[in-house]
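What you see below is based on every heavy atom in this structure, not just the backbone, and it leaves out hydrogens, waters and symmetry mates. Computed from a prediction, not measured in an experiment: that's the story for all the values here.
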Amino acid sequence: MAVFKRDKTSAKGFDWAGLGWLFLFFWYFSGITQLLIQLTDTSGFTGFRQAFIMSAIWLAPMLLFPARTRLLAAVIGVVLWACSMASLGYFFIYQQEFSQSVIFIMFESNPSEAGEYLTQYFAWWMVLAFLAHTAFAIWLWTRLRPVYLPRGRALAVAAAILVAVIGYPLVKQTVRTGSFAGGLEKFETRIEPAVPWQMVVAYRRYREQLGNMQGMLDNVSKIPPLQNLQDSMANQPSTLVLVIGESTNRQRMSLYGYPRQTTPELDKLKDQLAIFDNVITPRPYTIEALQQVLTFADEENPDLYLKTPSLVSVMKQAGYKTYWITNQQTMTKRNTMLTTFSEQADEQVYLNNNRNQNARQYDGDVLAPFSKALADGAPRKFIVVHLLGTHMSYQYRYPPSYDKFTDRTGVPAGVRDDQVPTYNSYDNAVLYNDFVVSSLIKDYASSDPNGFLLYLSDHGEDVFDSAGHNTLGRNEGKPTAPMYTIPFIAWASPKWKQNHDWNFAGDLGRPYSSSQLIHTWADMAGLSANELDRSKSLVSDSFKPRPLLIGNPYERNEKALIDFSLMKPKAPPAAAVVQK
């Protein structure tokens, strides 16, 4: 009877309406976000078109197994729904489509950090929007019905769909690029706008990049050392310190002119510091930024981090014992790509192994292991201290005793009342970061070292700072100055100053990208080698200004890099300084 019914249904004509409901159901999960992107004129039509085409792929199993239409649609739909919730939520926050960098950050995050972000961005209207999104998906599912075709015709149509959506484009791109790998990469770019392929593609690329990083660790000994490395301080005891901050925008530091006293301790040390006020980061994300900051890679040569020595390796080659002290959250020592940098050091201290990032794991905890490293008997030491800094959620970055800013005093008029607590908590985080960084300097100075300490942040953070006061966090797709402007300060001991030119008065305003840090660090440390370029050193007489490039260097074919100096806002008039 069942077979007879199917043939009878087919005889009445093809069920185009049923096929339409099936397609609409699968398209909806990708299409809703793409439709919003089109309605808000956020992006071009390509993403919408590709999501439309890719949604057809799910018709193939529906035609092959019509008796299980509801079940298959439910299983596939749950996966698509979960992915669509993530992309839709990101659009609600940033009015942007998912980017590769953002998805990489997702894979690098653990549940605690993800929960922290959700708490930071949570708004009740989003709950209603997600419920409506889910309810409509369920309603569409209730409209689904089997679409029957004779078995042979069903196989032919399903095969045609797969060839048209996957086979032909993949073969076409392979022919164009001359290799399957190149064709696959191009094809992946085409399917990214659709769920769940954006996650699948991103995860494959993430694993590929993670493998490259692990390969760098495994093969670090095979990377050729610097050629003709020379050290003007060779065989002399010295201790050099690099402090890497997190998410700290210099525009919110009183050391850089911010009206609120967010850096009182560094302000007291101002006369002892070289304060560089025109330094930016190339990327607004930790991993991507430090891949350049800690290696010879830069925006124009982003893959050099895989082929050339890191700063840690360079200092080891120069005869320094190396240390890495981090308060960045690590559930295991190898759970992030960044850990492969720390593993290159002779000694590592991982302080933050909490599953819950909201735990009382403040940056002050780095002070004890830092003092221990300073007391190490090794005559030549290079110490990296990686802080959690002012990372979101800001209220968890400082103890209650640093809850100083609690009202609207000093808050720009354009910041809404509901934004003020977050604005204030960021300033409080900067205040505590000031205590930690200044304490590191003081502890370092008290050890009577021969050397210097350099502090910079990996990237900045926009906490309702830019025009409109609506941006919170970082988004490479919509860059603002606060995401890229970073503090860059140095302190040198009297012993070091006696043997080095430490007069940087004429260098403090030079335009500079932290992607060139390895050249500046080597110059400060008295190192020279064939690969080091003094024209890329911020403190060299041979310094040559270059465009301050920002953006994703791996998407240069689709989107040109930006010269930050062209987008950097002009300094506000004196009367409006309080608005910054």
Side-chain angles (χ1 to χ4, degrees), residues 14-99 102-103 106 123 125-149 157-158 160-162 164-166 169 188-203:
F14 184 71
D15 187 3
W16 290 103
L19 187 68
W21 281 111
L22 285 170
F23 179 80
L24 181 61
F25 174 73
F26 294 118
W27 171 84
Y28 171 72
F29 298 104
S30 300
I32 185 64
T33 302
Q34 292 296 331
L35 182 60
L36 289 172
I37 289 173
Q38 290 301 304
L39 293 176
T40 56
D41 197 26
T42 300
S43 184
F45 185 71
T46 301
F48 185 92
R49 181 188 64 206
Q50 294 303 328
F52 186 89
I53 294 173
M54 285 305 301
S55 298
I57 194 173
W58 305 114
L59 296 178
M62 301 299 106
L63 294 175
L64 291 175
F65 306 102
R68 295 180 175 84
T69 293
R70 286 285 189 89
L71 176 61
L72 288 173
V75 172
I76 296 170
V78 167
V79 175
L80 301 184
W81 168 83
C83 294
S84 71
M85 290 284 278
S87 60
L88 189 61
Y90 187 75
F91 179 83
F92 285 158
I93 295 169
Y94 286 120
Q95 291 77 55
Q96 282 280 304
E97 188 177 5
F98 257 179
S99 69
V102 172
I103 298 175
M106 288 176 55
W125 67 265
M126 291 185 185
V127 175
L128 298 177
F130 287 141
L131 288 175
H133 172 59
T134 304
F136 191 73
I138 294 174
W139 180 81
L140 286 175
W141 180 79
T142 64
R143 309 297 296 174
L144 302 184
R145 59 177 181 261
V147 174
Y148 293 107
L149 283 174
V157 173
I161 291 173
L162 295 177
V165 177
I166 299 177
E188 287 178 340
T189 302
R190 292 170 59 91
I191 68 176
E192 280 183 298
V195 296
W197 307 114
Q198 56 188 201
M199 294 291 187
V200 173
V201 170
Y203 185 71

How far does CG of L19 sit from CZ of R145, to the nearest 0.5 angstrom? 10.0 Å
Hey, mind stepping through V147 and T69 against side chain to side chain contact (heavy atoms under 4.5 Å, CB included) and telling me if it holds? CA-CA 8 Å; V147 174; T69 293; over 6 Å; no
Pick from T142, D15, L140: which one makes a side chain to side chain contact (heavy atoms under 4.5 Å, CB included) with W21? L140
With rounding to the nearest 0.5 angstrom, report the CD1 to CD1 distance, I161 to I166. 10.5 Å
S30 and A51: which non-hydrogen atoms are nearest, and at how many Å? CB-CB, 3.9 Å
Residues P146 and P66: closest non-hydrogen pair is CB-O, 3.3 Å
Intermediate values then yes/no, side chain to side chain contact (heavy atoms under 4.5 Å, CB included), L63 and L22: CA-CA 10 Å; L63 294 175; L22 285 170; 5.7 Å; no
Give the minimum heavy-atom separation between S87 and T33, together with the two atoms involved. OG-OG1, 3.7 Å
Value for CH2 (W125) from CZ (F130), rounded to nearest 0.5 Å, stands at 7.5 Å
Walk me through it: do L80 and W58 pass the test side chain to side chain contact (heavy atoms under 4.5 Å, CB included)? CA-CA 11 Å; L80 301 184; W58 305 114; 4.0 Å; yes
More than 12 foreign heavy atoms under 6.0 Å from CZ of R68: is that the case here? no
Starting at CE of M199, measure out to OG of S84 and round the result to the nearest 0.5 Å. 9.5 Å
Would you call Q50 and I191 a side-chain contact if the rule is heavy atoms closer than 4.5 Å? no
Heavy-atom count check: over 12 atoms from other residues, nucleotides or ligands less than 6.0 Å from W139 CH2? yes
Would you call the rings of W27 and F52 parallel, tilted or perpendicular if under 30° counts as parallel and over 60° as perpendicular? perpendicular
Only counting residues at least two apart or in another chain, list the ones meeting side-chain contact (heavy atoms from CB on, under 4.5 Å) with A73. F25, F26, M62, W141, L144
Rounded to the nearest 0.5 Å, the NE2 atom of H133 sits from the CE atom of M126 at a distance of 14.0 Å
Atom CZ in F29, atom OG in S55: separation rounded to 0.5 Å? 10.0 Å
Correct closest heavy-atom pair for L72 and F65 would be CD1-CB, 3.8 Å
